[in-house]
Number of protein chains: 2
Amino acid sequence: MDLALLLPAGMSVTPAMKERCPLRDTLDRIGDRWTVIVVVLLLPGPRRFTELMRGAEGISQRMLTHTLRGLERDGLLTRTVHATVPPKVEYDLTAPGRALAGPLTELLHWSVRHQESVLAARTAYDADV
Amino acid sequence: MDLALLLPAGMSVTPAMKERCPLRDTLDRIGDRWTVIVVVLLLPGPRRFTELMRGAEGISQRMLTHTLRGLERDGLLTRTVHATVPPKVEYDLTAPGRALAGPLTELLHWSVRHQESVLAARTAYDADV
DNA sequence: CAGAATCCTCCGGGATACTG
DNA sequence: CAGTATCCCGGAGGATTCTG
């Protein structure tokens, strides 16, 4: 796969990129069912576990924990435990995590700009067959 | 999930978006293992089935067919059969499909800009535990 | 409140064989 | 060349139960 067309001006494809494609890595990172939802929920500011639980409708405790761990592991958010009773844990995006807002915005723009044509194409395609 | 923060200037969250989140739709569309790879391979211009097969290293015939069908169904590429012997089939991105280059570029930029910090965070995190 | 542990299901996707 | 048709497996992710 040739990434040259997509690279920032003045940057070239390094050998490392051929080994481990950064675009695929990123899609693996945010391509799952919940990661993007959690990131978007955290954009306005820090949130607690239960708040995220309510915000990400349909998520299970297991997957929320799993998703948060993954983001924490990659340094995209911080996890702060307040030693109170009952416990209080706050999640907050780091700079890299919040920087995801840019690409996600682009993706959303593409979506709203083309979703009508996509839906139309899909309906037409299914009408045949 | 509140998408307002990510919307184009002057656009607001419609009821339809709450029903069927366009961001999630898009991630479902491109979040699988091969779609983005195929799209990137097609950016320079039309390609034949076997060319894509060679370009998308590791893909199976089954999945290439499946991926191409999905993109065709949504009107993101066209499939042109030349009635020759042996058969020749060309795939080409449509305007909406090619427009994915923008968001993908943003995603790639984010990736190259932050992959070092992500990798470092991951290593540090795993060193603990 | 914020999880950890366990069990189970579904399906994305690979391997292989066959064909117009 | 460009597929279709089967079979099959691993892992993402849900449901449930238990705890500091």
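To find a chain, count down the sequence lines: A is the first, B the second, and so on, and within it residues start at 1.
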- Residue-level proximity of residues 20-55 of chain B to DNA chain D when a heavy atom falls under 4.0 Å: B:R48, B:F49, B:T50

- Query: What residues in residues 69-85 of chain B put a non-hydrogen atom under 4.0 Å from any atom of DNA chain D?
  - Reply: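 Per residue number, the list reads B:R69, B:R79.
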
- To the nearest Å, give me how far apart CG (B:L64) and C1' (C:dG14) are.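 Distance check: B:L64 CG to C:dG14 C1' gives 14 Å.
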
- Item | Whole angstrom value for the distance that separates P of C:dA2 from CE of A:M63 |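 For the pair A:M63 CE and C:dA2 P, the rounded distance is 19 Å.
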
Check whether [X] reaches the backbone of [Y] with its side chain - one donor and one acceptor, N or O, closer than 3.5 Å.
{"X": "B:S60", "Y": "B:M63", "value": "yes"}
{"X": "A:T94", "Y": "A:G75", "value": "yes"}
{"X": "B:T123", "Y": "B:L119", "value": "yes"}
{"X": "B:T50", "Y": "B:M53", "value": "no"}

Once rounded to the nearest 0.5 Å, what's the spacing between atom [atom1] of [X] and atom [atom2] of [Y]?
{"X": "A:E106", "Y": "B:E106", "atom1": "CD", "atom2": "CD", "value": "5.0 Å"}
{"X": "B:W34", "Y": "B:H66", "atom1": "CH2", "atom2": "NE2", "value": "13.5 Å"}
{"X": "B:R122", "Y": "A:D74", "atom1": "CZ", "atom2": "CG", "value": "4.0 Å"}

Protein-nucleotides 6-11 of chain C N/O pairs under 3.5 Å:
none

- Task: Using salt bridge (Lys or Arg N to Asp or Glu O under 4.0 Å) as the criterion, list what pairs up with B:D32, not counting sequence neighbours.
- Result: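 Expected list: none.
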
- Message: Between B:Y91 and B:R79, do the side chains contain a donor N or O and an acceptor N or O under 3.5 Å apart?
- Response: yes

- Task: Run the salt-bridge test on A:R29 and A:D25 with the 4.0 Å N-O cut-off and return the result as yes or no.
- Result: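 Looking at A:R29 and A:D25, the cut-off is not met.
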
- Message: Taking the basic N atoms (NZ, or NE/NH1/NH2) and the acidic carboxylate oxygens, is any pair closer than 4.0 Å for B:D92 and B:R98?
- Response: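 Judged by the 4.0 Å cut-off on N to carboxylate O distance, B:D92 and B:R98 do form a salt bridge.
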
- Item | B:V39 vs B:L76, side chain to side chain contact (heavy atoms under 4.5 Å, CB included): CA-CA, chis, key distance, verdict | CA-CA 9 Å; B:V39 168; B:L76 300 181; over 6 Å; no

- From the 5' end of DNA chain D to its 3' end, which nucleotides mark the outer limits of contact with chain B, defined by a 4.0 Å heavy-atom distance cut-off (strictly under)?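 Contacts span D:dC1 to D:dT6, reading 5' to 3'.
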
- Item | A:V40 and B:D2, any side-chain heavy atoms less than 4.5 Å apart | no

- Task: Please round to 10 degrees the angle between the axis of the first five pairs and the axis of the last five pairs in the helix from C:dC1-D:dG20 to C:dG20-D:dC1.
- Result: 50°

- Distance check: side-chain N/O of A:Y91 vs OP1/OP2 of C:dG3, anything under 4.0 Å? yes

- Message: Pair A:R69, B:Y125 - check side chain to side chain contact (heavy atoms under 4.5 Å, CB included), show working.
- Response: CA-CA 10 Å; A:R69 287 289 181 280; B:Y125 186 95; 3.4 Å; yes

